[in-house]
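The structure under discussion appears below in the form of structure tokens.
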There are 2 protein chains.
Amino acid sequence: MNTSELLLTNAVVLTMDIDLNKFDPGAVVITGSQIVAVGPALEIESQYPNAPRINCDGKVLMPGLINAHTHVPMTLLRGLADDLRLDVWLLGYMMPVEREFVSPDFVRLGTRLACAEMIRSGVTCFADMYYFEEDIAETTAKVGMRAVCAQSVLKFTTPDARFYEESLALAHDFIERWKGHELIVPSVAPHAVYTCTPEILRASAELARKFDVPLHTHISETAGEVENMRKEQGMPVVPYLKKQGLLEAKVLAAHCVHIDEGEIRTLLHAGAGVAHNPSSNLKLASGVAPVKRMLDLGLNVGIGTDGPASNNDLDMFEEMRLAAFLAKGISGDPTALPAATVVTMATRLGANALHIGDITGSLEPGKRADLIIVDHSQLHNSPRFYHDHNSIYAQLVYAGKASDVTDVMVNGKWLMQNRALCTLDEKEIMEYSQDYARRIDFFLINREQSILSKLIAIGGALEEESFEIQAKVPLVDCQPIFEALLKPEVEILRRRHYRQFDTYFTFEDPKQGRLRYREDDFIDENGDVTNVRARLTLIGMASEYKFPQRVLLSRSRFLAQATQTLRFYREYFKPDRELEIEKDRQRFLVHFKNIEFYINIDTVNKPQLGYFLEVKSRTWSRTDAEQKSRLVTELIGFLGANPEDNISDEYIDILENIPVPDPSKPMTRPTA
Amino acid sequence: MNTSELLLTNAVVLTMDIDLNKFDPGAVVITGSQIVAVGPALEIESQYPNAPRINCDGKVLMPGLINAHTHVPMTLLRGLADDLRLDVWLLGYMMPVEREFVSPDFVRLGTRLACAEMIRSGVTCFADMYYFEEDIAETTAKVGMRAVCAQSVLKFTTPDARFYEESLALAHDFIERWKGHELIVPSVAPHAVYTCTPEILRASAELARKFDVPLHTHISETAGEVENMRKEQGMPVVPYLKKQGLLEAKVLAAHCVHIDEGEIRTLLHAGAGVAHNPSSNLKLASGVAPVKRMLDLGLNVGIGTDGPASNNDLDMFEEMRLAAFLAKGISGDPTALPAATVVTMATRLGANALHIGDITGSLEPGKRADLIIVDHSQLHNSPRFYHDHNSIYAQLVYAGKASDVTDVMVNGKWLMQNRALCTLDEKEIMEYSQDYARRIDFFLINREQSILSKLIAIGGALEEESFEIQAKVPLVDCQPIFEALLKPEVEILRRRHYRQFDTYFTFEDPKQGRLRYREDDFIDENGDVTNVRARLTLIGMASEYKFPQRVLLSRSRFLAQATQTLRFYREYFKPDRELEIEKDRQRFLVHFKNIEFYINIDTVNKPQLGYFLEVKSRTWSRTDAEQKSRLVTELIGFLGANPEDNISDEYIDILENIPVPDPSKPMTRPTA
């Protein structure tokens, strides 16, 4: 007799295996971390007469639920902001708060809170995607849950990395260290097509293939994402990802709300899994995924809660119920996604989608002992009918609640017994979590008076995360530059000419940033104004990184169409100071040594600062920034200006640094 | 000091009044059944220094939730059948089981089970519609909940009435007896346009107006209902109801899934309330109601669970969450139905929709003390943010659960304290409920072998509840009948000629009914066959009511297109006996004295029974049946046949009663 043997008996055993075998009364035998027998209670009891027994009192014994897509530390941002436009929610609340608060301590606490909530609702395994993922993995392993933990990679600066190369390095080291762990499957998560460069997609796929681990990403969550992809790349998201080699990895694709039949087949052919997130997709108004079609074609579709900031909980019972309801209501077919199918999605298909179907997702000999006990004889699930073989699944999906889960075991170890958590101190977690909420509240209440929140309040907030190499040199004469631009070494892709009238509002607290009201008058070849556009831009304080001779500027910009008059904005934002700049700008988009650069030839008339050459290039990575920094120097020299004259200030900085500005008086041009 | 005074303090008080006033910490004072003060805790405490106090420990104190549409006894049918086509679910399961089991005992037990579940999830008031409604009202009053109880009226035979006149009499007496009760508002419920005659609609509206009580009905639940109404009446449902005078009553309209802008305005103008049932509408695949538009236009829209057989629970927290999610997901606008609006729908707007907004729905001095205490500091609702005034509503809607409700008071009396029910014995209710489930299971398992379930299994089940006056007389010659039909007293609306080939399957147990495979060969003026149609009809045993000379037949028929061969059906249904009838039928739809009648002139060739005149008319009420019975006699005489020759048997009955049928041999025609 194996000392670690355990017999769970007198249960309604739902194996969720391929034939949906059910034993009532049934029993399951566990040795160590593994299931060794499943079957009718009497038969199993007679085969294991000496195993210690637990009587399940007629409750349901089934595989633990698998939360196929989430961002667990976001429990700490639950209810932070709701009922908002997606951009306002994401850019106005989630991202600023994440930038300010997300740290290893934050993700560890958020993970513990999430694990406690998930264990309480019968989840034994989840697929996560966030920052500081190794801390999440370590915390999860300590709690005793199973998880596929994916380190996020984005082209933007994230809480755990300035450049994507750093994120990729984090992912590489994490995967190397954790590969083969008994509870954690390490993974990499290129966040989404619209937040990743092609290089990130390719490097992530290579990394996942090198270590044979899953790759977790968001695919076609919103219609806008697909529209942009079609506009920019002439194809929807899945073919584009395939082109970047992403589908050669073992992909777990979250959302897939807006994918077509061809894309479903491509994912199927690639062996990808899908995570369906009905609550999040409705709450953020993203749409309804074609789940029935995906299942009909044979895709492994699991169910996920998504992050608790867009849900706002981690309750897989709610998610199962909604998945069934939504498929019926939207298709007009009440037989769509019957209860047994939904429970299969939340267990076996979910495990397959996470690419760990060989070790979990059903109660079968040889698989790990990841199981839950559910009391389906509660008042809200009374009475119970037995004439139909499928009634038990309907009871779980349509009338079951997370609070019906009484016991949870992962990898052969109890994490909850009789509604008491075994490996977590809930009271402590809740206290620490409330401390974070208090600090975040304080941060946001302070910001309430901010320019950004005022901009959001009047409908602005389209964010542009800019990350650019920039150089500016004063000129005595523009003519040589125009002549140099005609040389064959430079290819002009686009040319524009306009007059720009900028009014800057500045504020006492420089952290508020500056608000620019800009009127662009577009000039045609005859010098006539063809079009006028007015925009508001809130420009955050720049973070600067020094490179040889050049400056890499990273700053956030929030844009809004200026639909009101300048006077309105003056009264609304109440600036401390107001500065005006007028200039004539000739703008060229060029290729130089196969790299895109913007070249601005400016004549600043108010104040009379004179002529300037500005060269800019967008970048996302450190190595790329270094290369472009060298090329900018070369390009300035090629255009006949002196790269040594570089000034890092903006015109507004120059203007602001003049003690008593008098725009009516001509000013001497600053020299480098 | 009033001895029945009670001060609830140290709570987050959500008044849900018109300004959404909130007091944190706040207090509420109750005297007897009434709220006498609401405000900031310190202020109220100093005003009522001697009142006995209950410390709410910072929990939420708010109006009880109002379940705006349900059928409470259907808790006993929860999970009876799921994931089925609507007609199969309704006609194959719900209606047969209701016919067999619904009784005063059934509705009393079902009501207790529902009340227990609703109190546990924070519901203090509900709007019900079912049979034996007075028993439901009495049980509810005994439990101590508030309810608008509506006695159903349908044109079909129901568990509590053979004719609608009986239902209306039940409703009248019930309303008369209960009008003015402190907890129960009695009401009448003409079920829906498709189950009510215009007379029922008019009589119900008159009854509701006479006693000034609400009228509860289903409106435009499915697209099919609206399509049929447009086809038959040339208008959608709401204008038709208005035409019948229904909107002159205080209407509570359940569903309103498929109503247009004009109909919304009509309901608004009529002061009608609406009950939105998101779970049921999705689960039965009915569609998504235009809730945002209704609210924008100013309608009082409450939230309901519908009956627990199509939900499958009575959890208003789930319903609130789904209402918010669905409005966002379907409109593509994440700001649609924000949390505060949804809580308002579930409280104040719900009370208004039930036409009892003057006494409940918000915490205001003068209203009844219907309130709940909710612990929003559970793990699944941690942490909590305070920077936004609306966070508290989002916490309740997006992360709150029914199990967070700790205390419930209705009309000043505690129904639940610290999660323990005060007026109900849950254990006993659950045991009795399971007894019912066992009996229903037994009934259905027996029926599994039935012809009906086999018919359903192959896709049939469109039910026709027929309720008709029928007379049949043998004829020596048909010619005089045809001549009489040309007289001006008869207006021929439609004429058809066909040959019918019927094969009847009969079974040992006569309760199974008879299955008829009928081939109709349509004949044109030249005697050529223009079209052939084959149908299966399962004809239940008839209930007969005797009238002078005539028979009123009530029987259920289940129809199905016969897409398979007769041989297939023979093997599939395994009849005990098979009988064939062939006849030539000339069928006339006529107006006689402004009433529609069907006249069939049959020549039965196999067996050779000879000529028959059949006169039929559909009816729904007893008085109508009596009148039509007299007219049938008159019409038969007018057509030149002898009404005294009437035989009540069908051809198949005549055939079956012949001991050894030999269809090859000519048979003598039976005489009356």
Side-chain angles (χ1 to χ4, degrees), chain A residues 76 78-86 89 113 116-117 120 279 281-285 287-288 311-313 315 318 321-322 325-326 328-329 331-335 338-339 377 379-380 382-388 390-391 394-395 398-399 401 403 426 430 433-434 436-437 440-441 444-445 448, chain B residues 76 78-86 89 113 116-117 120 279 281-285 287-288 311-313 315 318 321-322 325-326 328-329 331-335 338-339 377 379-380 382-388 390-391 394-395 398-399 401 403 426 430 433-434 436-437 440-441 444-445 448:
Chain A
L76 291 178
R78 181 207 316 273
L80 174 71
D82 293 292
D83 301 322
L84 299 173
R85 268 182 20 218
L86 186 61
W89 177 77
L113 177 56
E117 188 185 348
R120 282 212 164 283
S279 286
N281 294 160
L282 287 182
K283 186 163 190 287
L284 299 177
V288 181
N311 186 304
N312 290 348
D313 57 34
D315 185 335
E318 284 179 358
R321 191 172 189 260
L322 186 54
F325 280 5
L326 203 54
K328 296 172 198 304
S331 67
D333 173 9
T335 71
S377 71
L379 185 84
H380 55 257
S382 290
R384 288 162 306 290
F385 293 94
Y386 297 93
H387 65 273
D388 181 349
N390 285 316
S391 295
Q395 284 156 20
Y398 301 128
K401 291 185 191 300
S403 54
E426 286 166 283
M430 283 162 68
S433 301
Q434 199 54 45
Y436 259 107
I440 294 171
D441 263 336
L444 287 172
I445 289 164
E448 274 311 283
Chain B
L76 291 178
R78 182 207 314 274
L80 173 71
D82 294 291
D83 301 322
L84 298 173
R85 268 183 20 218
L86 186 61
W89 177 77
L113 177 56
E117 187 185 348
R120 284 213 163 281
S279 286
N281 294 159
L282 287 182
K283 186 163 190 286
L284 299 178
V288 181
N311 187 304
N312 291 349
D313 56 34
D315 185 335
E318 284 179 358
R321 190 171 191 261
L322 186 54
F325 280 5
L326 202 54
K328 297 172 197 303
S331 67
D333 173 9
T335 71
S377 71
L379 184 85
H380 55 258
S382 290
R384 287 163 306 291
F385 293 94
Y386 297 94
H387 64 273
D388 181 349
N390 285 316
S391 295
Q395 283 156 21
Y398 301 128
K401 291 185 192 298
S403 54
E426 286 165 282
M430 282 161 68
S433 302
Q434 198 55 46
Y436 259 106
I440 294 171
D441 264 335
L444 288 171
I445 290 164
E448 275 310 285

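A, B, ... follow the sequence lines: proteins, then strands. Residue 1 opens every chain.
- Summarising the geometry of K283(A) relative to F325(B), their closest heavy-atom pair is CD-CE1, 3.5 Å, with the distance given to 0.1 Å.
- Atom CG in D82(A) sits 7.5 Å away from atom OG in S391(B) (nearest 0.5 Å).
- With hydrogens and angles disregarded, no donor-acceptor distance shorter than 3.5 Å links the side chain of R384(B) to the backbone of G79(A).
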| task | Please step through side chain to side chain contact (heavy atoms under 4.5 Å, CB included) for the pair D441(B) and H387(A), ending with a clear verdict. | result | CA-CA 5 Å; D441(B) 264 335; H387(A) 65 273; 2.7 Å; yes

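- Most heavy-atom pairs under 4.5 Å with chain B, from the set E426(A), R78(A), E318(A): that is R78(A).
- With a 4.5 angstrom heavy-atom cutoff, L84(A) touches chain B only via backbone atoms.
- Heavy-atom distances place no part of Q395(A) under 4.5 Å from chain B, backbone and side chain included.
- Of the listed residues (E117(A), K328(A), K401(A)), the greatest number of heavy-atom pairs within a distance under 4.5 Å of chain B belongs to K328(A).
- Of the two parts of L284(A), only the backbone, made up of N, CA, C and O, holds a non-hydrogen atom closer than 4.5 Å to a non-hydrogen atom of chain B.
- With chain B as partner, the option from S433(A), A399(A), S382(A) having the largest number of non-hydrogen pairs under 4.5 angstrom is S382(A).
- In this structure, chain A has a heavy atom under 4.5 Å from the backbone of D333(B), while its side chain stays farther away.
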| task | Could you check R120(A) against L379(B) for side chain to side chain contact (heavy atoms under 4.5 Å, CB included), going step by step and ending with a plain yes or no? | result | CA-CA 9 Å; R120(A) 282 212 164 283; L379(B) 184 85; 4.1 Å; yes

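- Heavy-atom pairs under 4.5 Å with chain B peak, among A285(A), A81(A), G329(A), at A285(A).
- For chain B, the option among A116(A), S279(A), S403(A) with the highest count of heavy-atom pairs below 4.5 Å is S279(A).
- Note on D388(A), L76(A), L326(A): by heavy-atom pairs under 4.5 Å with chain B, the leading option is L76(A).
- Residue I440(A) holds its CD1 atom at 13.5 Å from OH of Y386(B), rounded to the nearest 0.5 Å.
- Within the 4.5 angstrom heavy-atom criterion, no atom of S331(A) approaches chain B.
- In the model, R321(B) has a side-chain atom that pairs as donor or acceptor with a side-chain atom of N311(A) under 3.5 Å.
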